[in-house]
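Contents: one structure, followed by commentary.
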Amino acid sequence: MPQRGRFVTIEGLDGCGKSTQVEKLAGALRADGLQVVVTREPGGSVTGEKIRNLLLDTGTSNLSPFAELALMFASRAQHIKEVIQPALAEGKLVLCDRFTDSSEAYQGAGRKLGSEPVRALHKILCGNLQPDLTILMDSDVAASVERARRRNCARTSQGKRGESDENRFEQESRAFFGRVRSAYLEIAQREPQRVALVDARGGADETHGQILALVRRKLKLAAKTA
Ligand code: TYD
């Protein structure tokens, strides 16, 4: 059996700059000679991307919080089986944009379902798979939400009528995102070995430098010298 790869997840509020950091980190790790699989949740598999459309489209109305949680986990269970586990078995580094911490923060705290159902479902449906490292990008609630809304307004105005958008969560209130941020910080306090907090309020390059140094240190990766 090849050695198990490494599983790294990135978490943070909508609009905290996560997607940019995922791209930059993947590029740097590939330049270090690693085989990196970049993926995301909800989504990441063919079925998961269909579930993602359903979950994020503002056209999806009246979804109960438990139905939302169940769909997040349906996407995740498929993603683990189809993408994450096979890549880890091949010794690759899997870099995943959001994972179960998002469910604990958004559904558990944002939707007020509590952490217990999320953690129980993770055990049952995901074999309790834990990331080797989780990077939590911490940012201001107001600034992040503002950024996410601007981005999605641009995205929606470019989209064709009738196409699905990805704004459903971004329509939530400041109070919702305040609960999400507090839950993230609580998870980081509860699991300091796994979760590393990064201040994401600086520039993208500065944040990238912090994240890359952290990943190399925590995963004991050597930087390739030119
Ligand atoms: P994402 O595309 O990563 O949004 P962004 O790029 O704005 O950070 O994630 C989509 C949304 O799905 C995001 O608002 C958070 C939400 N989400 C949950 O509520 N629960 C979950 O378990 C996951 C994975 C995502």
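Residues: numbered from 1 along the sequence shown. When a ligand or atom number is given, it counts from 1 through the structure's own listing order.
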Arg52 vs Glu166, test: salt bridge (Lys or Arg N to Asp or Glu O under 4.0 Å). Steps then yes/no. CA-CA 9 Å; Arg52 178 185 176 92; Glu166 293 207 335; 2.9 Å; yes
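An N or O contact shorter than 3.5 Å is missing between Glu68 and ligand 1 by distance. Considering backbone and side-chain N/O of Glu166, none are found under 3.5 Å from N/O of ligand 1. Of the polar atoms of Tyr106, none of the N or O atoms is found under 3.5 Å from an N or O of ligand 1, judged by distance alone. At least one N/O-N/O distance between Asp14 and ligand 1 falls below 3.5 Å.
Contacts of Glu11 with ligand 1, taken as heavy-atom pairs under 4.0 Å, are absent altogether. Under 4.0 Å from ligand 1, the heavy atoms of Leu56 that appear belong solely to its side chain. When heavy-atom distances to ligand 1 are checked against a 4.0 Å cut-off, Pro42 comes that close through both its backbone and its side chain. The part of Gln107 lying near ligand 1 is the side chain, judged by heavy-atom distances below 4.0 Å. In Met137, neither the side chain nor the backbone holds a heavy atom less than 4.0 Å from any atom of ligand 1.
For Glu23 and Lys18, the salt-bridge test fails: no basic side-chain N is under 4.0 Å from an acidic carboxylate O. Remark: Arg190 engages Glu104 in a salt bridge, criterion side-chain N to carboxylate O under 4.0 Å. Ionic pairing of Asp132 and Lys220 is not present here: no N-O contact between side-chain nitrogen and carboxylate oxygen is shorter than 4.0 angstrom. Of the charged side-chain nitrogens involved, none lies within less than 4.0 Å of a carboxylate oxygen, so that Asp14 and Arg151 do not count as a salt-bridged pair. The pair Arg149-Glu146 fails the salt-bridge criterion, with no side-chain N (NZ, NE, NH1 or NH2) lying under 4.0 Å from an Asp/Glu carboxylate O.
Within the 4.0 Å heavy-atom cutoff, Arg168 does not count among the residues contacting ligand 1. Ligand 1 lies within reach of Arg76, whose nearest heavy atom is under 4.0 Å from it.
Against a heavy-atom cut-off of under 4.0 Å, Lys18 is close to the following atoms of ligand 1: 3 (O), 8 (O). Here is the list of ligand 1 atoms found below 4.0 Å of a heavy atom in Asp97: 3 (O).
Contacts of Tyr184 classified as ring pair (Phe, Tyr, Trp, His ring centres under 6.0 Å), with partners at least two apart in sequence or in another chain: none. By the salt bridge (Lys or Arg N to Asp or Glu O under 4.0 Å) test, Lys24 pairs with Asp205, sequence neighbours left out.
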